[in-house]
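Remarks on the structure that follows.
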Amino acid sequence: MKLYRYDSKSLQFKKIPISSRIFKITIDTIFVFLFLGINTNSANKEYITDTENVLVVKTSHEFSEKKLIKMIKELNLPYPHITLAQAKLESGDYSSRIFKENHNLFGMKEARVRINLARGTQYSHAYYKNWEESVLDYAFWYASYARKCRTENEFFQLLDQQYAEASQYVSSLKHIIADQQLKEKFN
């Protein structure tokens, strides 16, 4: 489990160092501590008092499509089947160098003007510590740019105009969704 605090000056979530003994505490106990604003890490002298700006991320780091689908569901991303199709397309069905070495599922570039979790740029794409950070960064992208999309068509238009680098990007996504029955994975 990791804790992140939003830094409004840098527009990024920054990791909050926590001692290894917190890892031994159950999830329920951790949420109680966060709710009460208590931090057991006395060495850091950093106290969590503003729980609205704290993001708790439970990570496992070993990738599987099943874990990706679970995370997409937990993040409650609109049009999750499109998100999964993007991950499959952008990562070459989880086999591209950008995914394997950069842990980048969505072909994201390093963001300059929005909240992001990228650790830098490698091979002209953002790189992350693990694939979960890539999914969270995609969620931050969505919250920054796609949150006003009210229909699938609006979202596809946004992807076509502002996200895609390939000319047949939306057609490819629609083909993957239909061919692999991705909508059914989220019912």
Side-chain angles (χ1 to χ4, degrees), residues 1-2 4 11-13 15 55-187:
M1 178 174 313
K2 295 182 181 179
Y4 294 88
L11 299 177
Q12 293 183 337
F13 277 92
K15 187 176 174 186
L55 174 66
V56 178
V57 180
K58 194 174 152 183
T59 58
S60 63
H61 305 309
E62 187 177 317
F63 177 80
S64 73
E65 186 173 278
K66 185 177 179 179
K67 289 179 182 178
L68 173 59
I69 290 169
K70 182 180 180 206
M71 189 169 185
I72 292 170
K73 286 178 181 178
E74 288 173 351
L75 290 171
N76 199 28
L77 290 168
Y79 321 113
H81 55 286
I82 299 173
T83 301
L84 182 58
Q86 284 185 272
K88 292 172 90 49
L89 179 63
E90 293 283 355
S91 70
D93 216 7
Y94 319 119
S95 65
S96 73
R97 181 180 191 188
I98 301 300
F99 172 62
K100 288 182 175 180
E101 293 182 30
N102 289 10
H103 308 288
N104 187 335
L105 277 163
F106 299 98
M108 303 286 284
K109 305 288 185 171
E110 186 177 2
R112 302 282 185 227
V113 294
R114 67 165 173 80
I115 297 169
N116 73 85
L117 294 173
R119 307 285 175 151
T121 298
Q122 178 173 276
Y123 312 125
S124 301
H125 289 82
Y127 68 88
Y128 303 93
K129 187 174 181 179
N130 54 60
W131 68 269
E132 294 100 335
E133 287 185 356
S134 171
V135 178
L136 289 171
D137 198 35
Y138 177 88
F140 293 146
W141 171 85
Y142 189 96
S144 297
Y145 302 109
R147 69 183 181 278
K148 293 181 181 176
C149 294
R150 299 292 177 234
T151 66
E152 278 189 21
N153 278 344
E154 286 180 14
F155 188 46
F156 279 130
Q157 286 176 348
L158 175 79
L159 292 175
D160 190 39
Q161 295 168 1
Q162 296 181 23
Y163 192 97
E165 292 180 356
S167 61
Q168 298 297 315
Y169 188 76
V170 170
S171 297
S172 297
L173 290 177
K174 288 179 178 181
H175 176 74
I176 291 169
I177 292 165
D179 191 50
Q180 298 182 27
Q181 301 175 342
L182 299 187
K183 282 187 177 185
E184 286 75 23
K185 293 183 184 270
F186 295 96
N187 290 334

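Computed from heavy atoms alone, side chains included, the values below leave out hydrogens, waters and symmetry copies.
The shortest heavy-atom contact between Ala111 and Asn116 is O-ND2, 3.5 Å. Closest of all the heavy-atom pairs between Ala146 and Leu158 is CB-CD2, 3.3 Å. For the residue pair Ile177 and Ala85, the shortest heavy atom distance occurs at CG1-CB, 3.7 Å. Smallest separation of non-hydrogen atoms from Ala87 and Leu68: CB-CD2, 3.9 Å. Taking both residues in full, the closest heavy atoms of Leu105 and Glu90 are given as O-CB, 3.4 Å, listed atom of the first, atom of the second, then distance. Shortest non-hydrogen contact noted between Lys148 and Glu154 is O-OE1, 3.6 Å.
Glu133 is not listed as a side-chain neighbour of His103, based on a closest heavy-atom distance of 4.5 Å or more. Side-chain atoms of Glu165 and Lys109, non-hydrogen and from C-beta on, do get closer than 4.5 Å to each other. The closest side-chain heavy-atom distance from Gln157 to Val170 is not below 4.5 Å. The closest side-chain heavy-atom distance from Glu62 to Lys67 is below 4.5 Å. Taking 4.5 Å as the limit, some side-chain heavy atom of Leu159 sits within range of a side-chain heavy atom of Gln86. At a threshold of 4.5 Å between non-hydrogen side-chain atoms, the residues Phe140 and Met108 do not count as touching.
When atom types are taken as modelled, the side chain of Thr121 and the backbone of Glu110 share no donor-acceptor pair closer than 3.5 angstrom. Side-chain atoms of Tyr169 do not come within 3.5 Å of backbone N or O of Gln161 as any donor-acceptor pair.
For His125 and Glu101, the side-chain atoms include no donor-acceptor pair closer than 3.5 Å. Gln162 and Tyr145 form no side-chain donor-acceptor contact under 3.5 Å, judged by distance and modelled atom types alone.
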### Message
Would Thr83 and Leu75 count as a side-chain contact (heavy atoms from CB on, under 4.5 Å) here? Give the steps.
### Response
CA-CA 11 Å; Thr83 301; Leu75 290 171; over 6 Å; no
### Message
Applying side-chain contact (heavy atoms from CB on, under 4.5 Å) to Ile69 and Phe186, what does each step give before you reach the verdict?
### Response
CA-CA 8 Å; Ile69 290 169; Phe186 295 96; 3.7 Å; yes
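Residues satisfying the ring-ring contact (aromatic ring centres under 6.0 Å, His included) test with Phe63, not counting sequence neighbours, are Tyr94, Phe99, Trp131.
Around atom NZ of Lys73, more than 12 heavy atoms belonging to other residues, nucleotides or ligands sit under 6.0 Å away.
Residues Tyr128 and Tyr138 keep their aromatic ring centres 6.0 Å or farther apart. The aromatic ring centres of Trp141 and Phe106 sit 6.0 Å or more apart.
Ion pairing between a basic and an acidic side chain is recognised when a charged N comes within 4.0 Å of a carboxylate O; Glu65 and Lys88 show such pairing. Using a 4.0 Å cut-off between charged side-chain N and carboxylate O, Asp137 and Arg114 make a salt bridge.
The CG atom of Leu89 lies 10.5 Å from the NE2 atom of His175; values are rounded to the nearest 0.5 Å. Leu136 contributes atom CG, which lies 6.0 Å from atom CG of Leu117 (distance to the nearest 0.5 angstrom). Expressed to the nearest 0.5 Å, how far OG of Ser91 lies from CG of Asp93 amounts to 6.5 Å.
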